[in-house]
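Take a look at the structure below.
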Amino acid sequence: MMSDGGWTRTVCPYCGVGCGVLARPDAGGHVEIKGDPDHPANFGRLCSKGAALGETMSLDDRLLTPSIGGQSVSWETALDKVAMSFRSTIERHAPDSVALYVSGQILSEDYYVANKLMKGFIGTANIDTNSRLCMASSVAGHKRAFGSDTVPGTYQDLELADLVILVGSNLAWCHPVLYQRLVAARKARGTKVVVIDPRATATCEIADLHLPIAPGADVALFNGLLAYLASAGAVNQDYVERFTSGLGAALKSSADLSLEETASICGLRRADILAFYELFAATEKSVTVYSQGVNQSSAGTDKVNAIINCHLLTGRIGRPGMGPFSVTGQPNAMGGREVGGLANMLAAHMELGNAEHRRIVQEFWGAPRIAKAAGLKAVDLFDAVASGRIKALWIMATNPVDSLPEADRVRKAIQSCPFVVVSDVTRDTDTTALADVLLPAAAWGEKDGTVTNSERRISRQRAFIERPGEAKPDWWQICEVAKRLGYADAFAYESPHEIFIEYAALTGAGNDGSRDLDLSGLADITGEGYRKLEPIQWPAGHDSAPTDSRFFAEGGFYTSDRRARFVETPFRAPASSVSATYPLILNTGRIRDQWHTMTRTGKSARLMSHMSEPFLEIHPDDANTLGLAPASLCEVESRHGKALLRVSISPDQRRGSVFAPIHWTDQYTGQARIDALIASNTDPVSGQPESKFTPVAVRPFRASWYAFALCLHSPVVPPGASYYAKAPAKIGQRFELAGIETPADWDDFASMLLGVTRQRAEETLTYRDVRSGAFRFALLREGRLVGALFVGTAPLSVSRSWVADQLGQSIDSGDRLRLLAGRPGADVPDKGRIVCACYEVGAKEIAEAILKHGCETADAVGACVKAGTNCGSCRSEIAGMIELSRISQAS
Ligand code: SF4
């Protein structure tokens, strides 16, 4: 049943694992969420983000009506304006003067019609997607090796493998449910795990071997592996001879470096490299999982091919427990690839550069024209906006002002664009602020369609609540504009089902087995069949057997001679290099409980409680050299921009490297849009930016005061605060603040920040210590806490979770001193920083379980305080705390 007992089967809108979700709204507007036990991606599990979906659905920040120039208008008026502006721009400046920038967040049906409109009817391939920032290098690497963008394996392969190598993938935080499947398999069968990552991430909890590789050196490591495998006789001669070509040249180029040179480039010990090579050579059932650490590089495509080369050489591909495996970041990055959402692809895995493919697609669509050459890839597209070549731009479901490299330049480019349309769910983002026309989009929970996860599994996303206000699905918006541009017949869809069956039919058009993507078996499903569609892996053609779930065990590649290609991948250093001015390498990435630019996850107090501020993680030696104290603030500067971040000192960082999360925007903090610092160096084949290697300088930010504030309503940050970061509390907001100039009067500062009205029902509590610079202020209305401010001259050690829990509560006279102290009394437990978001278990509670109750494993901690017993995303952090306590007890 799709809707059983009020539960609707749908799919998580976050990462590429694509977990099945059961959602049930109640009459009060709350939505219950649980994992779908029947979905083959997750079998009922959800991570902290998925489990908190119900907390992110409030309407308080929703964009609910179309607007032009900030004035609400009807849909008719808004759509007429978009169509008229696009039409006049095309007429005056040719089709290539307009562009669409879409997202791995939209559904395949949205993507399909957007691509159809641009490539087949407007006649430009200037449609690209934020998936370019995520996995374009994997697409390019697959196509070079296989002749098609095919992920050969399935998630089950991670469970069947004897060796799993994780390259540039913090699976524990970025694909948590897949990680949990691997953890369970490892427990059951003793899978060996190798983690190749400059950082000792949470994923290293299960690593038998961690190789803290120098940033950007992966090609050298895998070239060395290829040469080693060849010399050690670990070649599957039969596979290589029957199904591949190009080995000689690839081997020649990979043998350029000696083991010592490889060790030196990789910054690894020779013995560790050898241990990895020997393990790989000896283990038939090997899966190499790779993600953004591989893709987001100026040599990303070569990294992918260097990995694939090793699997082709050993014939470890397409068989159970074997293969290279790219995991995508976004929920529908794969779907976008399938329907041609990238500027260099046609729909249904057909090629823009292939005349026969262009003919098939144009005829199928009955299109008046078809784009003949690749359009502009994301970074080039915004360069063209900046230079004025693109004059009309439609941005859909993404936030390029925050997520593209050199993001300040991108912001200026969009500001200078003559006509900008933004379709979004969220009213206030750093990108919607620049729109001429704003179109309110339907959100997760309100829209119907399909997505494809990292293992080629198509799942139905189903609506389970009504669309609010005037929000409309993205596919509808595109079709309405297409109709106004004169293409009514080709865009006369009434539903996502009609779009899906057309797309499924296209995958079969002219496909005599020459293309991997075949959904023709789904081309005649009825509306009811679509409604009930179970998660299904492609290929799903008329003739596809149910066992066809892996590719290439017996060759059958999609090149002209059906052989895979070994690709020469000579090692190249990253595009930038460190210097005396910018001596550290900035690596960027995700954190456990946040998603993209936090427009959804940032609304959940639970998710924000794990890491509630933008931060810079740095090795203790580097912190020491730079004079950075724990929890102080630092300025980070590259050639392109600056950020102000909280210092987090950790031995998990490599010396010389620092890490900052990608999530924070101007909506949440003052200066932490990390992509403003990132250079727009791209991979020459895939066009994917090098987001993991930016030379930066780091210096202490000399704050003279630090503050923590809470407020029931959104406070006004008074002038004088150089730094602020806000996060939701269970009710109200919490703020971190800091500044250089000490405000003349803290009472005035507090009054402005917290909105003191001095009405009779209002009461203020104040404490100040002039000598130490401490100031405490609490605002009560009718005896309940509505705001508080804690100020000190050093980073504050108040118990934030406890104080936040007091907001809105009655504070009796006995509790007032505790409140101003910012600490519960000895009789009240202090959780400390939240580690387990599911059960809101804090670091102090876990420490107590370890130290007082003798818990020596994450399981034991779970049994004691429940932490880590739901989604398991925090188990690696708990294991780290146990390890730390062991070390400190031993020293
Ligand atoms: Fe969603 Fe988490 Fe599953 Fe990813 S692992 S799809 S974020 S529940």
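Ligands are counted one by one from 1 in listed order, and the atoms in each one are counted from 1 as well. Computation of the quantities below employed the complete heavy-atom set of this structure, encompassing side-chain atoms and omitting hydrogens, waters and symmetry-equivalent molecules.
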Near atom 4 (Fe) of ligand 1, which protein N/O/S atoms fall under 2.8 Å?
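Within the sphere that stays under 2.8 Å of atom 4 (Fe) of ligand 1, the protein atoms of type N, O or S are Cys15 SG.
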For the residue pair [X] and [Y], categorise the inter-ring angle as parallel (less than 30°), tilted (30 to 60°) or perpendicular (more than 60°).
X: Trp595; Y: Tyr14; answer: tilted
X: Trp444; Y: Phe464; answer: perpendicular
X: Tyr503; Y: Tyr112; answer: tilted
X: His497; Y: Tyr530; answer: tilted

Look at Arg199 together with Asp652 and state whether they make a salt bridge at an N to O cut-off of under 4.0 Å.
no
For Arg427, what residues pass the side chain to side chain donor-acceptor pair (under 3.5 Å) criterion, not counting sequence neighbours?
none
